[in-house]
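Notes to accompany the following structure.
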There are 2 protein chains.
Amino acid sequence: MAKAPRRGPYICGIDAALDVVSGKWKGLILWELDAHRVRRFSELRRGLPGVSEKMLTQHLREMEEDGLVHREVHAEVPPRVEYSLTEHGRTLNQALGPLGAWGVERIRREGSEVVDTAKTSH
Amino acid sequence: MAKAPRRGPYICGIDAALDVVSGKWKGLILWELDAHRVRRFSELRRGLPGVSEKMLTQHLREMEEDGLVHREVHAEVPPRVEYSLTEHGRTLNQALGPLGAWGVERIRREGSEVVDTAKTSH
DNA sequence: CCGCATCCTTTAGGATACTG
DNA sequence: CAGTATCCTAAAGGATGCGG
């Protein structure tokens, strides 16, 4: 399988941080894992309406490689795989707090549509 | 000219904020304009080593449309165009602070290469 | 000086089918 | 259940040339 396009040399911290979070569902994955502490693959899938299996797997693999997510495989039948945040994943999520608040303000300002109104805190 | 792929309905604040910042040079543009208050097109170009004219123009137009950047054209010969941050642009930059700090830590952790070592504060 | 237009390559993301 | 593998489209980004 082709490797992730690889994280290049960075111009600044924002650059390095954005590289790790950009990806259509990564912010949500971070949020889901932060809220529930531990989540299985299928639970994450249900929590991210519209995500494809391929993208979910791909994002999780990249986030694991970036040291944000811990992946634990339980050798059972049927298989059970649990995902959780590492310490770096948690601190990243904290660092995203102000940005999320700014985004909420932006949505409010221009009355953009929001898909999932159940998640009001971010 | 084709319009920007348009900012869709958002899932959360992070989503809405990332939509506005993702773009290879937008973080840097924000930083440059915040540091210098006002910058001409050619000055920005020099401040972003490697950017193409096309991308710089495109990013600036999108950021203008997103209400982050103010564009002021002076009717002179040769022409002079000055860019600066709007209030929203400044608050966004503030919200990016913690993320930038996290990114700096990440770079330090894994000893990634950094292109421009002159800009140490972000 | 500050662009816009055009063409091209690369990457992200989605659809679908199959497997241990 | 938790994935792979393959194919495909679309969006981002880059190179180059022209113009007020």
Side-chain angles (χ1 to χ4, degrees), chain A residues 1-8 11 15 18-29 32-33 38-66 69-84 115, chain B residues 1-9 11 15 18-29 32-33 38-66 69-84:
Chain A
M1 192 188 88
K3 279 187 58 67
R6 273 319 74 207
R7 290 73 175 91
I11 302 175
D15 204 16
L18 285 180
D19 186 32
V20 141
V21 209
S22 46
K24 199 170 178 180
W25 310 92
K26 288 189 179 176
L28 270 302
I29 293 174
E32 282 285 319
L33 291 181
V38 174
R39 218 99 253 253
R40 315 179 46 162
F41 186 84
S42 52
E43 291 174 325
L44 281 173
R45 237 201 126 176
R46 279 188 290 275
L48 276 48
V51 73
S52 69
E53 290 183 351
K54 177 197 162 190
M55 286 314 298
L56 184 53
T57 307
Q58 197 174 109
H59 280 168
L60 285 169
R61 290 286 132 75
E62 290 174 11
M63 294 171 79
E64 191 188 358
E65 193 176 351
D66 287 332
V69 160
H70 174 69
R71 177 169 178 264
E72 186 143 11
V73 183
H74 300 266
E76 309 170 353
V77 177
R80 179 164 54 101
V81 180
E82 291 182 330
Y83 293 92
S84 56
V115 168
Chain B
M1 191 189 88
K3 277 186 59 67
R6 274 318 74 205
R7 291 73 176 91
I11 302 174
D15 205 15
L18 285 180
D19 185 32
V20 141
V21 208
S22 45
K24 202 170 178 182
W25 309 93
K26 287 190 180 177
L28 269 303
I29 293 174
E32 282 285 319
L33 290 181
V38 174
R39 218 100 250 254
R40 316 181 43 164
F41 186 84
S42 51
E43 291 174 325
L44 281 172
R45 236 201 127 178
R46 279 189 290 274
L48 277 48
V51 74
S52 69
E53 291 184 349
K54 178 196 162 192
M55 286 314 298
L56 184 53
T57 307
Q58 197 174 110
H59 280 167
L60 284 170
R61 289 287 128 74
E62 290 174 12
M63 294 171 79
E64 191 187 356
E65 194 175 352
D66 286 333
V69 161
H70 175 69
R71 178 169 178 264
E72 187 143 9
V73 183
H74 299 267
E76 309 171 352
V77 177
R80 179 165 55 101
V81 180
E82 291 183 330
Y83 293 92
S84 56

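Reminder, nothing fancy here: chain letters follow the sequence lines and each chain counts from 1.
A:His59 approaches A:Lys24 most closely through the heavy-atom pair CE1-N, 3.6 Å. Nearest heavy atoms, B:Phe41 versus B:Leu60: CD1-CD1, 4.1 Å.
The nearest whole Å value for the distance from the CD1 atom in B:Ile11 to the P atom in C:dG13 is 12 Å. Look at OH on B:Tyr83: it is 14 Å from P on C:dC1, rounded to the nearest Å.
A close approach under 4.0 Å does not occur between any side-chain nitrogen or oxygen of A:Arg39 and OP1 or OP2 of D:dA2. Between D:dA12 and B:His59, no contact under 4.0 Å exists linking OP1 or OP2 to a side-chain N or O. Checking the phosphate oxygens (OP1, OP2) of D:dA12, no side-chain nitrogen or oxygen of B:Trp25 falls inside 4.0 Å. For B:Arg71, no side-chain nitrogen or oxygen approaches OP1 or OP2 of C:dC2 to under 4.0 Å.
Among the protein residues, B:Thr57 comes within range of the sugar-phosphate backbone only, with heavy atoms under 4.0 Å from sugar or phosphate atoms but none that close to a base. B:His74 comes within 4.0 angstrom of no nucleic acid atom, judged by non-hydrogen atoms across all strands. B:Ser42 comes within 4.0 angstrom of sugar-phosphate atoms only, judged by non-hydrogen atoms across all strands, and of no base. Nucleic acid contact class of B:Arg45 (heavy atoms, under 4.0 Å, all strands): none.
No donor-acceptor contact under 3.5 Å links the side chain of A:Lys24 to the base of C:dG13.
Between B:Gln58 and B:Arg40, the residue whose closest nucleotide on DNA chain C is further toward the 5' end is B:Arg40. Between A:Pro78 and A:Lys54, the residue anchored closer to the 5' end of DNA chain D is A:Pro78, taking for each the nucleotide with the nearest heavy atom.
Tested against A:Glu82, the residues A:His74, A:Arg71, A:Glu43, A:Arg39 include a single side-chain contact (heavy atoms from CB on, under 4.5 Å) partner, A:His74.
Here the side chains of B:Leu56 and B:Trp25 are not in contact, with every heavy-atom distance at 4.5 Å or above.
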(Q) Pair A:Leu28, A:Val51 - check side chain to side chain contact (heavy atoms under 4.5 Å, CB included), show working. (A) CA-CA 11 Å; A:Leu28 270 302; A:Val51 73; over 6 Å; no

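For B:Glu53, counting side-chain heavy atoms from C-beta on, the closest listed nucleotide (D:dA2, D:dG13, C:dC4) is C:dC4.
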